[in-house]
Each structure stands twice: as structure tokens, then as C-alpha cells.
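Data block below; observations after.
Not measured: the values here are computed from a predicted model. Below, chain A is the first sequence line, B the second, and so on; all start at residue 1.
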Number of protein chains: 2
Amino acid sequence: MIDKQSPMPIYFQLERSLRSQIENNTLKPGDLLPSEREYAEQLDISRMTVRQAITNLVNEGLLTRQKGRGTFVAEQKLEQKLSGLTSFTEDMKVRGMNPANTLLSFELVPAETKVAERLHLKQHTPVYEIKRIRLADDVPMALETVYISANLVKGLTEAITASSLYRYIEEDLGLQIGHAVQSMEAAIVNEQERAHLLVQKGAPVLLIERNTFLKDGTPLEYVKSSYRADRYKFTIDINR
Amino acid sequence: MIDKQSPMPIYFQLERSLRSQIENNTLKPGDLLPSEREYAEQLDISRMTVRQAITNLVNEGLLTRQKGRGTFVAEQKLEQKLSGLTSFTEDMKVRGMNPANTLLSFELVPAETKVAERLHLKQHTPVYEIKRIRLADDVPMALETVYISANLVKGLTEAITASSLYRYIEEDLGLQIGHAVQSMEAAIVNEQERAHLLVQKGAPVLLIERNTFLKDGTPLEYVKSSYRADRYKFTIDINR
DNA sequence: TCATTAAATTGGTATAGACAACTATACTTT
DNA sequence: AAAGTATAGTTGTCTATACCAATTTAATGA
């Protein structure tokens, strides 16, 4: 388990050992670990060295320490999922609703100034422009316009837009989505939105703009959405 | 700089000192720090205690260590800051504006149903209720109501609310903020908001609710804010 | 039996020292 | 001039010890 003659640091060996015990469920979430003093005596190493191993795993979130009680295997954080990047489709499923789309238009157009800027393209480079109404349980929730670099998704067809665009990009094209910069602001519906979202004049909407990038930093898409304020509330989990 | 008699751990005091030196550019990115032994001798503390402070900052990404060379101030990752949890104060500074507050009320009140639920308290447990107008360059940006468990911040006074509440909680109380669940929605201003934000009737506002937790999971605060839609856009970086 | 007190256990902080591994520099040898 | 060598300074690892603070457990007393 621990080899003092190894060039590998002792704390690192212990760290790896504990990590694998957690991995293969020898140590289960909620379990109490042997005390630091016990490890030290058992392995004939200093308590401070044990602490160094455990501290690293605590920082990673695999273990938790409680003064006077002991060190425990951390419970898995399901919460983590919420903090990530979710599509409208996934989002609605989580909320227990049935997502659907109505395609308004599907065109290959030259990128105008703002779109070109967000996708790091030269102006007038061809991009797909997809306008959709997003429905949840058949109720209009949002009006969405997606701009996506044509050279990244060459085989894009109208049929694909009927389901989840993200699923297609990740699973069929094998592109890895990295991060997104998203902005949110409030506004009053304009006429176009009002017609599609079926709301009163003067009703508030939540405007969301999202700029999505691949893992390598290439801009993938630029999305502008208008959500009905009376039906949609955006929630996110922010970690330090 | 370091007070050995303070109940605050020495490594924590040094950590805070270094953090603030980096904050106010006394230590600039790329700078070489004095060696660990030098700090130990200078402050008359153990080298291991110095290491504990530095290790924490390395884990946070503020410092980097190179064996045989020394410890350096890390290059700033601006993006990182945006993705994390930021206070209004920090947020406005990043945007190059001057943040300020107008205190409307500061009371110790019994927690009502929703507040108690969010703070995991029994109903009618005393909580601080702080109402403030948030200003940026002297322009009203938001109306904010903070509810915070009274037993967590016993010494809270009106004076503290004049500056940054987060700074006080982290640096003076030594509480570690973990994560926050934040929701955003759009609405039309009500009368109270209209009076304080100085906007037209029927103007849109961005309603933000935030539930902040400590690292150990204890609920710290519940905040309701109404931001002027014409002046404020919320931006966040979302990582997979 | 129940509540109180005391002791034991646990993680948290801190010290002092030692040696290893690595880097940069100055100096010596080839 | 180039290569090798010594040296001082840096972080990395590890030990042994000590005391503190929070919690649990055992002993005690009414």
C-alpha cells in the first residue's frame, strides 16, 4: 500500500490509495475514515503526512472533515449538474415538462456585423440562421434565433432542428462544447415577439443572449432568445 | 500585519494579507514573492505556517510555485472572476463604475415563511433585514433586500452595510462562502421600486433572487433584488 | 433513570528541524 | 569558448512534538 523507498511521495501514495478506495466503493459516501492518528500509526508515517494526503482530497471535494468527529467520504453532489450548461430541451425535461419546437425559418445567410463579431468570422461569411418557437407542454415559452457557423456544421438540415441541436453537435459531429457566455436582461415585448408568444402588449420578457464556444475556444453559436416572463424563470447554481 | 495574540489563525492572517496585497497591486502578476524562509524569519513564525497560507492561495490560483525558483503571483484570469460569485460591489468595479449604497432600513425582524425556508430556520427566528439602493456612479441601479441569519453575523451594524457585506463576512468573520443558487426573471416595476429607481411606469425590471450558502452548506443569506432593465445586463460565464 | 461532569478522541494550528530536488550563478577545468 | 563543478538559495517532503477546540463517550452523582 505504502512504499517508503518509492520515489513517489508518501502523501501521494496514500492519496492515490484513498482515491481508488472511494472509486471502487470500498469507502462509500458517508463512511467514517480511520482517524489521522490511526493512519499514521498503522502506516508508520507522520500524522502531518497523512494530513497532507487528506487535505488534498478534501480540497477536491472527495472527503469532508469535522472537528471532533472525524473525516468522512463526501456525498456525491447532484447539484453540480444544475450549474452546467443546459439546452432548452434538457432544461424543460428537468422541470418535468415536454419540450417541442415550431420552426419559423431556416436560412443560410451572410453574417451581419454583430453575428460575425460573436462567431469570430469576417462579415458576410455564410451562417445558418434558425428561428424557432420553443414550446413547453404546447405553451409558447420563448422565441429564439440561432446563428451558427456554417463551416462547422456543414450537414445541417431542417429536420435536425426539430429535435435538440446540442445533441446533434456533440453526438453526431463529435464536437466538444466548452463554455458559454450568457447575458440576461429584462425588456418589454416588441410586436414580433408578442405575435408569437401570445402575450399582452407591454408584457415583460427576459432577453437571453448566449455565445457558446467549443473546448478549443472556437465560437460555435450565438443565440438570442426572448422568454415569457410570466412563465419562465432562469435558475443557476454558481460555485466559487 | 500579523498578530500572534489574535484568535484568528496566523496562516489565515498571512493569507489575507497576501490576498489584499495582490488585490491592490502591491504584488503584481509575475512578481516573485519573498521566500518562505524569509517570511518565516521576518514574521517570526514557522516556515510550515507560511507554507499553509501560500498553499491555500496556490490552490485558489492566485499564486504559483516553482521548485528551486520561488513563488510567483499568477497572471490574472479575468474570465474566472466573471464565472464566479461576485458581489454588486465587485461587479461594478469590473465594469469600471463606482459602486455605492443608500441604506433604506436596517432591522432585526422575525423570519417570515419564505425567508425562513430559504435560510433553513424556523419561522419567526430573528434575521437581519437590510434594504438598500445600489448605486453605480450615483445612478440608482437596483433595489435590494437582504435577509441574513442573525446568529451567523452577531455583530452586524449599520456601518458595515455601507461597504461590502461579503468582504466583512469573509475577512472579518472568517466565514467561507461556498455557492449560491440564483434565479432571474423579468417583470414590470411596482410602485415601491419605481419610486426608488426613478423609472417610468410600466418599465421592465430584472428580478434576481439569490440564496447564498457557506462552504459547509449552512444558508447564509437570501437576497431579492430589482435591477433597472435599461441600465443593467447580467452576464455570466458557464462552464461545462 | 436522568442529567451533569470528566475523560478520551478527533481534527486544527503551530513549531523546529532535517534532507531531497531543483535552479541560478559563479568559478574552475579542459 | 565550452564543459564541468561547487555553492547558495529555493520549494518539496517528512518527522516528531505540542497544544487547542469541538465532539463524543464514559464515569459520576442526584
For this session: Tell me whether the OP1 or OP2 atom of dT15(C) has a side-chain N or O from K4(B) closer than 4.0 Å.
Result: yes
Seminar exercise, completed: Residue pairs passing the ring pair (Phe, Tyr, Trp, His ring centres under 6.0 Å) test with at least one member in residues 93-118 of chain B, sequence neighbours excluded, are F106(B)-Y128(B)
Exercise. Are T49(A) and dT15(D) close enough that a side-chain N or O sits under 4.0 Å from OP1 or OP2?
Worked result: yes
Seminar exercise, completed: note: F72(A), atom CZ; dT9(C), atom P; distance rounded to Å ~ 17 Å
Which pairs, protein N/O on one side and nucleotides 9-13 of chain D N/O on the other, fall under 3.5 Å?
residue: dG9(D); atom: N2; partner: G68(B); partner atom: O; Å: 3.2
residue: dT10(D); atom: O2; partner: G68(B); partner atom: N; Å: 3.4
residue: dT11(D); atom: OP1; partner: T71(B); partner atom: OG1; Å: 3.3
residue: dT11(D); atom: OP2; partner: E36(B); partner atom: N; Å: 3.0
residue: dT11(D); atom: O4; partner: R37(B); partner atom: NH1; Å: 3.2
residue: dT11(D); atom: O4; partner: R37(B); partner atom: NH2; Å: 3.2
residue: dG12(D); atom: OP2; partner: R51(B); partner atom: NH1; Å: 3.1
residue: dG12(D); atom: OP2; partner: R51(B); partner atom: NH2; Å: 3.2
residue: dG12(D); atom: OP2; partner: R65(B); partner atom: NE; Å: 2.8
residue: dG12(D); atom: N7; partner: R47(B); partner atom: NH2; Å: 2.9
residue: dG12(D); atom: O6; partner: R47(B); partner atom: NH1; Å: 3.2
residue: dT13(D); atom: OP1; partner: Y11(A); partner atom: OH; Å: 2.7
residue: dT13(D); atom: OP2; partner: Y11(A); partner atom: OH; Å: 3.2

For this session: Find the distance L43(B):CG to dA14(C):C1' and express it as a whole number of Å.
Result: 14 Å
For this session: Could you check how far CD of E41(A) sits from P of dT10(C), rounded to whole Å?
Result: 11 Å
For this session: Taking D31(A) for its side chain and K28(A) for its backbone only, find out whether a donor-acceptor pair lies under 3.5 Å.
Result: yes
Exercise. In terms of side-chain geometry, is the basic nitrogen of R65(B) or E36(B) positioned less than 4.0 Å from the acidic oxygen of its partner?
Worked result: yes
Problem set entry | Donor-acceptor pair, side chain of E185(B) and main chain of D230(A), under 3.5 angstrom | no
Exercise. To the nearest angstrom, how far is E15(B) atom CD from dG12(C) atom P?
Worked result: 15 Å
Exercise. Quick one: do E15(B) and R19(B) make a salt bridge, cutoff under 4.0 Å?
Worked result: yes
Exercise. Can we say R210(A) and E221(A) salt-bridge, meaning some charged N sits less than 4.0 Å from an Asp/Glu carboxylate O?
Worked result: yes
For this session: Round to the nearest Å and state the distance from Q5(B) atom CD to dC19(D) atom P.
Result: 17 Å
